[in-house]
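Input: a single structure, listed below in structure tokens.
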Amino acid sequence: MNSDIIKLLPDSVANQIAAGEVIQRPASVIKELVENSIDAGATSIQIIIKDAGRTLIQVIDNGKGMTPTDARMAFERHATSKINTADDLYTLHTMGFRGEALPSVAAVAQIELRTMPKGESIGCRLRISESKFESLEPATCAHGTNIMVKNLFFHMPARRKFLKKDSVELSHILHEFERLALVNTHVEFSIVHNDVTLHQLLAGSLKQRITALFGKAIGAQIVPVGTETSMVKISGFVGLPQHARRRNIPQYFFVNGRNMRHPYFHKAVLSCYSELISPDVQPVYFINFEVDPATIDVNIHPQKHEIKFENEQPIWQILTAAVKQALGKVNAAGAIDFDSTDDIPDIPVFMPDNTSQTPGIETDPMYNPFGNVDIIVPSAISTTSRHTDELSISSPKHSCRPTVQRDWDQLYRSFASRLDMPSERAITDDIIVPSSINTVETPDHAPTLFETDDKFADFICLDNRYIALSARSGLLLIHRHRAHVRVLFDDFMARLSASQLPSQRLIFPESLSLEPSLSAILSSVTPLVTKLGYDISFIGDNTWAINAAPSLPGIFNPVESLSRIVSDIAETGELPENALLQPAALSLARSAAVRPDCTMNHDETDALLAALFSCAEPAYTPDGLRIIHTLSYDEIQRIFN
């Protein structure tokens, strides 16, 4: 009886196991193919995809190409031209070196390869399906390599069903494209999805590549960072503190022409901003490290994203010093682009014969700005110190200063009335409702955000941000913006459950420019955006026209609100459309809620409080932020004791 149970796996099975680590989604295929093109010396790379990579991923380059023998050997496991011995792993200057990428791709898709070396007049065409060699024949093609990956995971239904919607997979592809394009600024790139060109990038500097990928506005938001030591050379750009972001934050590290993720160095950069930005935002950065290849290890992760540095602690100190120096240079005067020729003032030609006259100043010696002001003596003061009042009136020092008339007895009676027992009507059992309210109101022309006939409790507005409200248990401090978010969110969800929000046409359509990944998401959630009250249309180059917006009271920015909605949906991930209503409604509520620069009058604040305490959950926003804080009488007493 044979008891041996260990067997050697077939190559096809071994390749599929390896593919599970290397090829996770279409973006992984693009990464491996583009890195091979870069290693082949390509200066122009074109990427063509269909259905977010499910149907087709095609990469065309003008690299050195391959002979028929090399083309066939490239799809064998551990076949590579990058290294010869184990020592070569510590002197790597190429992206690939394991010889696993192409066999892994061939194990999960159908491959057609056309390639011809430079100097040859005829190339070859190779076909492989599910790791099975099908054909290799001569063919005419351009110099370089043209590889097509068709029907990804076609024979692996379990893997294929775990792929997300096309919009999500396209977002991952574009993020991977950004990483590849940023680290290879000397290469021309283009990417086409379903016959639509998403990016057309020319070779140039790192800053030119950044602005081409993320928009021209980011060029004024970043400053150069750089230093060079015997251990490391650091270059790139970091964002100004005032432009730190909460979402969609471009943060990239490169080392020796390779992308990497490094949490340790990420903390080093954040430490430089610790006193400059709030904890809920993070800075933008594009930082490149150049080190001796022998001092790093890139062979610790299947996708080579994680890299181990031999001198992490010294590089941490060098990095923080370089970033702080870059931020310190623009701390006082702001970022100045000395190469820019825009807005340069014209300097007049010097003419010694021309003389200029000093402008004269005309004054009216009889003019007195306080001549018509009546001096009113407070009655309370005049009855107690008439002699002092006479001196102050006759004194030239105070003769032109108006005095506000005050009735101190009436002021005391108003204060004493606040100490009386309150009336019985209240929104909640804990809130005290006095018979009279004394608050500072805004002018009558202020926009009305809320309307109600009910009168609420005694309150005071603090810094246009908070509302102090007396209660039986103490003093309620209410965050005004978050309270409005809570009220609007509940109202939006109630309306959306029945129909869509009311919409209003814009006199002049506004344009919204998005990153390609966010533009793809907006295209997929257009029905949801329409339900929120928007009317949008695509006008090309990742730009959308906003023709109509939700009809909301107060100050409302359609461009800012729609951008926030798309960003929040991108962070939410893959969810059904009905589940995306809540993050979309929350984003809309945040955009429409009252801001600190908007003053609310007494009736509006009164209506906001009434609406807040009628909500099912008035103490917290839908995303869990505190709205109400109670300062008990015991805490107040301890403060004064």
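Numbering starts at 1 and runs along the sequence shown. The basis for the numbers below is simple: all heavy atoms, side chains too, and nothing from hydrogens, waters or symmetry mates.
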Does the pair Val291 and Asn311 meet the rule for a side-chain contact (heavy atoms from CB on, under 4.5 Å), with working shown? CA-CA 10 Å; Val291 299; Asn311 303 307; over 6 Å; no
Stepwise, does the side-chain contact (heavy atoms from CB on, under 4.5 Å) test hold for Phe492 with Leu588? CA-CA 9 Å; Phe492 291 161; Leu588 194 60; 3.9 Å; yes
Starting from the C-alpha separation in whole Å, work towards a yes-or-no answer on side-chain contact (heavy atoms from CB on, under 4.5 Å) for Val187 and Thr43. CA-CA 5 Å; Val187 180; Thr43 59; 5.6 Å; no
Mind running side-chain contact (heavy atoms from CB on, under 4.5 Å) on Met231 and Asp292 for me, showing each step along the way? CA-CA 8 Å; Met231 185 178 300; Asp292 183 357; over 6 Å; no
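For Asn194, there are no side chain to side chain donor-acceptor pair (under 3.5 Å) partners, not counting sequence neighbours. Glu178 pairs by the salt bridge (charged side-chain N to carboxylate O under 4.0 Å, His left out) definition with nothing, not counting sequence neighbours.
Of all heavy-atom pairs spanning Arg482 and Ile627, the tightest one is O-CD1, 3.8 Å. Here the shortest heavy-atom pairing between Ser567 and Leu518 reads OG-CD1, 4.1 Å. Between Thr543 and Ser511 the shortest heavy-atom distance is CG2-CB, 4.0 Å. Nearest heavy-atom pair across Ile234 and Ile318 is CD1-CG2, 3.9 Å. Heavy atoms only, all atoms of each residue included: Ser190 and Gln200 are closest at CB-OE1, 3.5 Å. Across all non-hydrogen atoms, the minimal contact from His481 to Val594 is ND1-O, 2.8 Å.
To the nearest 0.5 Å, atom CD of residue Glu169 and atom NE2 of residue His193 are 10.5 Å apart. Distance check: Ile191 CD1 to Ile47 CD1 gives 5.0 Å after rounding to the nearest 0.5 Å. Annotation: the span from Ile173 atom CD1 to Ile57 atom CD1 amounts to 6.0 Å, rounded to 0.5 Å. Rounding to the nearest 0.5 Å gives a distance of 6.5 Å between CG of Leu501 and CZ of Arg495. Taking CG from Leu512 and CZ from Phe538, the interatomic distance works out to 11.0 Å, rounded to the nearest 0.5 Å. The line from CZ of Arg480 to CZ of Arg595 is 11.5 Å long, rounded to the nearest 0.5 Å.
Between Phe286 and Phe237, the gap from one ring centroid to the other reaches at least 6.0 Å. Separation of the Phe189 and His199 ring centroids does not fall under the 6.0 Å cut-off. Ring-centre distance between His262 and Phe289: not below the 6.0 Å cut-off.
Ion pairing of Glu560 with Arg564 is absent here, as no side-chain N (NZ or NE/NH1/NH2) approaches a carboxylate O to less than 4.0 Å. Remark: Arg626 does not engage Glu617 in a salt bridge, criterion side-chain N to carboxylate O under 4.0 Å. Ion pairing between a basic and an acidic side chain is recognised when a charged N comes within 4.0 Å of a carboxylate O; Asp623 and Arg590 show such pairing.
Ser561 and Tyr534 share a side-chain donor-acceptor pair at under 3.5 Å. For the residue pair Trp544/Ser537, the side-chain donor-acceptor check at 3.5 Å is not satisfied.
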Using atom types as modelled, flag every donor-acceptor pair under 3.5 Å from a side chain in residues 264-277 to any protein atom, sequence neighbours excluded.
| unit_1 | atom_1 | unit_2 | atom_2 | d |
| --- | --- | --- | --- | --- |
| Tyr264 | OH | Gln313 | OE1 | 2.5 |
| His266 | ND1 | Tyr285 | OH | 2.7 |
| Ser271 | OG | Ala268 | O | 2.5 |
| Tyr273 | OH | Gly239 | O | 2.6 |
| Ser274 | OG | Ser271 | O | 3.1 |

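Judged by distance alone, with hydrogens and angles left aside, the side-chain atoms of Thr621 form a donor-acceptor pair with the main-chain N or O of Leu625 at under 3.5 Å. Listed for the Asn259 side chain is a donor-acceptor partner under 3.5 Å among the backbone atoms of Arg179.
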